[in-house]
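The structure under discussion appears below in the form of structure tokens.
Chain A is the first sequence line, chain B the second, and so forth, proteins listed ahead of strands; every chain is numbered from 1. In this text, all values refer to a predicted model and were calculated from it rather than measured experimentally. Computation of the quantities below employed the complete heavy-atom set of this structure, encompassing side-chain atoms and omitting hydrogens, waters and symmetry-equivalent molecules.
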Amino acid sequence: MDVTHILDPLNPAQREAVTAEPGHLLVLAGAGSGKTRVLVHRIAWLLATREAGPWGVLAVTFTNKAAGEMRGRIESILARPVGGMWVGTFHGIAHRLLRQHHQEAGLPDGFQILDADDQLRWVRRVMRDLDVDEARMPPRLVTGFINARKDEGLRPDHVDAAGDHGQDGVLEIWRAYEAACQRSGVVDFAELLLRAHELLRDDPTLLAHYRSRFGHILVDEFQDTNTIQYAWIRLLAGETGLVFAVGDDDQAIYGWRGARVENIQQFSRDFPGVRVIRLEQNYRSTGNILAAANALIAHNAGRLGKDLWTAGSHGDPVQVYSAYNETDEARYVAGRVIHLVEGGDRRDDIAVLYRVSAQSRAFEEALLSAGIPYRVHGGLRFYERAEIKDALAYLRLVANRHDDGAFERVVNVPPRGIGTRTVDILRGTARAEACSLWAAARRVLAAGGLGARAEKAVAAFVDLVDGLADALEGLVLEHQVEAMLGTSGLLEHYRNDKSDRAQTRVENLEELAVAAGVFRRGETLLPVELDPAASAEESAEPATGAVDPPRSALAAFLAHAALEAGEEQAGEWDDCVHLMTLHSAKGLEFPVVFLCGLEEGLFPHQRSSDDPNRLEEERRLCYVGMTRARRQLYLTHAESRRLHGAEHFTVASRFLREVPPDLIQEVRMRASVTRPAFQRGGVAEPRPRSRPADDGGGLRLGQRVAHPKFGEGVVLTYEGSGHHTRVQVNFDGAGSKWLVLSVAKLEPL
DNA sequence: TAAGGCAACTTTTTT
DNA sequence: AGTTGCCTTA
């Protein structure tokens with residue numbers, strides 16, 4: 001097969017990685033150096049040269065998006081669908097293994113997945129059963145503890161409770177939680193990984209099968225792997241599997257959730273003959289942006305070492321703007337966006353990045369009042385919305401009557417007269433009989449242990465779910481969802497609700513039926529190949545039968561909903577400015593980036609400032625943010641910021657000082673800007689830069705002004721200096737106008 | 001049982 | 001400041 005089209009677009013280092021002889025490979029890929037490209041082309045190369053068949057390839061990522069992109073790009077390079085190859089997230093692949101071998105893994109056929117929110121509810125319930133005071137032991141800490149241990153590959157028995165009362169209590173809850181999950185046939189996210197690992201570890205036949213199958217294991221974002229993921233790769237690779245790991249230690253920003261950058265170094269120790277290839281040519285950013293980012297990250301110790309360079313031009317200097325508060329900061333950004341868009345940029349090309357989500361508010365307000373469309377990324381996702389989870393809970397009950405979490409969630413939603421009192425009785429019975437709530441409900445009904453009213457209500461609920469299960473039989477998935485929405489009374493419940501939020505809920509529920517239809521028709525990316533017969537020769541699977549067992553569309557849809565929370569909003573069509581946290585910006589790039597809130601305490605965050613390791617992670621986060629920018633990078637900070645209600649004076653972030661001054665251009669308020677006098681002395685550190693003194697105009701950002709023709713308005717931003725100073729004013733009546741300050745007769749109010 | 005009021009808490013997020 | 005969970009009252 002002709003491979004020139006696979007190799008031609010690559011630079012020498014990339015090509016070296018893509019065409020490397022069989023062996024373990026570690027690709028240290030700097031930001032914007034073509035990390036994904038190398039991964040994708042490597043797979044295409046393996047397939048094209050017959051080094052591997054699709055069946056022999058396993059590619060793992062962290063997000064569904066990355067997995068989908070990877071598969072798409074491979075197929076587009078090879079210009080055909082590739083069946084048999086496993087491309088997915090760690091969780092998706094673990095899930096697939098467990099489904100296929102649920103018996104060996106000790107799970108029921110229709111086991112379901114708990115998302116973080118479900119897990120918390122389950123832990124709460126267990127704690128209630130055990131009579132543990134939530135005030136003394138916050139459930140969040142408990143789930144955090146459990147997940148952290150599981151991510152380290154540990155079970156309760158492995159954890160030493162030696163004399164620590166607190167931990168002793170957690171272990172008891174943990175054990176009870178595990179028992180409850182096992183009884184109901186549900187599995188949390190961490191359990192997927194842990195159990196898949198144990199499955200392979202403890203079943204030599206299975207392990208041998210998968211080891212012989214997957215000759216090539218490729219891992220994206222290797223610096224983000226945690227202990228169990230690393231162990232899983234190592235186990236699966238064995239002596240024969242070849243691992244192609246791609247990562248960047250400078251972009252490790254998930255230590256706080258168990259990721260271990262050290263896995264990159266560990267890799268070279270655990271796998272014999274690892275070859276290391278560095279990708280240091282950056283294709284994304286201008287020279288100045290790159291130099292700034294390089295200088296910043298150089299302040300971290302113990303890096304593997306990489307120096308990004310670009311063949312491109314220096315570009316503009318990094319712009320630094322000192323705002324006097326967060327409102328001013330947001331106004332500045334909005335003003336620049338207007339300017340950029342007037343200059344021909346798409347809004348879609350612009351991103352505003354910040355450390356904490358709460359910062360989005362100021363930007364949203366400023367953009368809103370400037371009439372600039374924007375989109376905030378990373379809010380509540382579709383399948384995480386309460387009403388959607390309610391609907392899914394009904395479906396889960398239909399699929400598995402013993403799912404206690406689902407039972408409790410909807411037993412009284414919509415309200416049908418089953419209050420805490422009644423549920424307590426059911427819970428008591430369930431505990432006494434060691435059975436599910438569903439079974440308990442039946443027993444209590446049979447034994448007549450309830451008052452007449454409660455009994456009627458519980459009987460009605462039981463009949464409802466049973467009837468629902470019957471009614472759904474034989475229906476196509478989306479009709480099942482519709483029927484459930486109708487019969488359960490959920491849709492009507494929200495229709496009757498006159499609050500404005502209810503309207504959205506109704507729409508979301510209706511959207512769920514649509515999503516089910518899309519899912520069934522396979523228009524969604526499935527973790528399972530839809531086209532196993534893509535190529536007969538490729539589909540010939542070696543030995544042991546591992547065809548995915550047939551599953552009901554409903555069960556598959558439920559797993560999909562748990563594993564892929566979906567995009568937060570459906571409105572991607574618009575040309576919008578992107579607002580997101582630095583964490584969610586990883587992996588993305590934008591021509592123009594505003595990196596905001598560079599203040600001590602906020603970024604680096606207060607809660608990371610005492611620990612040098614966490615501080616370095618903050619710096620990497622800043623590095624990630626800066627390297628998202630292609631052409632223009634703005635760094636902003638505010639001298640005063642309202643946080644949690646109170647006003648705080650701030651000190652500019654050390655990260656600002658770590659960028660060499662010659663790469664920076666101070667954006668000054670070239671027009672007359674005055675700050676309220678009480679704020680002048682409040683800056684904790686005298687800044688070397690000087691802000692031009694008030695030159696008599698008496699105008700400041702946000703100030704209300706009057707114009708003879710346009711009436712009253714608010715000053716949004718400034719541009720230019722001296723006689724050329726232009727001011728943008730948002731007039732109450734006439735909208736937003738640019739005026740030349742020396743000509744327009746603006747009167748401060 | 002359901003709705004409304006008050007106190008406590010606020011890093012980052014995927015699966 | 002704004003949400004979230006808990007507790008009171010009708």
Next item on the list: Please report, rounded to the nearest Å, how far the C1' atom of B:dA2 is from the CZ atom of A:R421.
Entry: 16 Å
Margin query: Which label fits A:F603 and A:F655: parallel for a plane angle under 30°, tilted from 30 to 60°, or perpendicular past 60°?
Written below: perpendicular
Grab the N/O contacts between the protein and nucleotides 3-10 of chain C below 3.5 Å, and write none if there aren't any.
{"unit_1": "C:dC6", "atom_1": "OP1", "unit_2": "A:E134", "atom_2": "OE1", "d": "3.2"}

Check: With rounding to whole Å, what would you report as the distance between B:dT14 and C:dT3 at their C1' atoms?
Finding: 23 Å
Checklist line | Donor/acceptor link under 3.5 angstrom from A:H605 side chain onto base of B:dT11 | finding: no
Check: Using the ring of each side chain (for Trp, its six-membered ring), is A:H578 parallel, tilted or perpendicular to A:H377, with breaks at 30° and 60°?
Finding: tilted
Next item on the list: Validate the cation-pi geometry between A:R149 and A:F145: distance from NZ or CZ to the six-membered ring centre under 6.0 Å, angle to the ring axis within 45°.
Entry: yes
Item checked: Nearest-Å distance for atom pair CG/C1', residues A:D117 and B:dT15 -> 14 Å
Next item on the list: Mind calculating the distance between CG (A:N64) and P (B:dT15) to the nearest angstrom?
Entry: 5 Å
Notebook entry, point to check: Can you tell me how far C1' of B:dT15 sits from CD1 of A:I113, to the nearest Å?
Noted result: 9 Å
Next item on the list: From the options B:dT11, B:dT15, B:dT14, select the nucleotide whose nearest atom is closest to the side chain of A:S608.
Entry: B:dT11
Notebook entry, point to check: B:dT12 C1' sits how many Å from A:E617 CD, rounded?
Noted result: 9 Å
Notebook entry, point to check: Between atom CG in A:L602 and atom P in B:dT12, what is the gap in whole Å?
Noted result: 10 Å
Check: Does a sphere of radius 6.0 Å around CZ in A:R421 hold more than 12 heavy atoms from other residues, nucleotides or ligands, not counting ones at 6.0 Å or beyond?
Finding: no
Next item on the list: Kindly indicate whether a cation-pi arrangement holds for A:R99 with A:F111, taking the cut-offs as under 6.0 Å to the six-membered ring centre and within 45° of the axis.
Entry: yes
Check: A:V356 has a side chain; which of B:dT11, B:dT14, B:dT1 sits nearest to it?
Finding: B:dT11
Note to self: Does B:dT13 have its OP1 or OP2 closer than 4.0 Å to a side-chain nitrogen or oxygen of A:T581?
What the structure shows: yes
Check: Rounded to whole angstrom units, what separation is found between the CG atom of A:L621 and the C1' atom of B:dT12?
Finding: 7 Å
Item checked: Spacing of A:Q251 atom CD relative to B:dT13 atom P, expressed in whole Å -> 17 Å
Item checked: Proximity of A:W232 and A:Y230 rings by center, below 6.0 Å -> no
Checklist line | Donor-acceptor pair present, A:R607 side chain and B:dT10 base, under 3.5 Å | finding: no
Checklist line | B:dT13 and C:dT4, which share atom name P, separated by this distance in whole Å | finding: 15 Å
Notebook entry, point to check: Using the C1' atom in both, what is the distance from B:dT12 to C:dG5, to the nearest Å?
Noted result: 23 Å
Next item on the list: Taking only the side-chain heavy atoms of A:S357 (C-beta and beyond), determine which of B:dT15, B:dT11, B:dT12 contains the nearest atom.
Entry: B:dT12
Check: A:Y177 and A:V123: which non-hydrogen atoms are nearest, and at how many Å?
Finding: CD1-CG2, 3.8 Å
Next item on the list: Check every atom of B:dT12, B:dT15, B:dT14 against the side chain of A:A116 and return the nucleotide holding the closest atom.
Entry: B:dT15
Check: Does a side-chain N or O from A:T89 land closer than 4.0 Å to OP1 or OP2 of B:dT14, or not?
Finding: no
Margin query: Tell me whether the side-chain N/O atoms of A:N412 come closer than 4.0 Å to OP1 or OP2 in B:dA2.
Written below: yes
Item checked: Side chain of A:R355 (C-beta onward), nearest among B:dT11, B:dT13, C:dA1 -> B:dT11
Check: Between A:A562 and A:A454, which has a closest nucleotide on DNA chain B that is more 5'?
Finding: A:A454
Check: Just checking A:R614: base, sugar-phosphate only, or nothing, at a heavy-atom cut-off of under 4.0 Å?
Finding: base
Next item on the list: May I ask you to decide if the ring planes of A:Y210 and A:H101 are parallel, tilted or perpendicular, using 30° and 60° as cut-offs?
Entry: perpendicular
Item checked: Under 5.5 Å and under 30°: A:H644 stacked on B:dT10 -> yes
Item checked: Most 5' of A:E618 and A:R416 on DNA chain B, judged by nearest nucleotide -> A:R416
Notebook entry, point to check: How would you label the contact of A:T422 with the nucleic acid (heavy atoms, under 4.0 Å): base, sugar-phosphate, or nothing?
Noted result: sugar-phosphate
Check: For A:W256 and B:dT12, are the ring centres under 5.5 Å apart with planes inclined under 30°?
Finding: yes
Item checked: Selection from B:dA2, B:dT1, B:dT14 that lies nearest to any side-chain heavy atom of A:R257 -> B:dT14
Check: Does CD belonging to A:E134 count more than 12 external heavy atoms closer than 6.0 Å?
Finding: yes
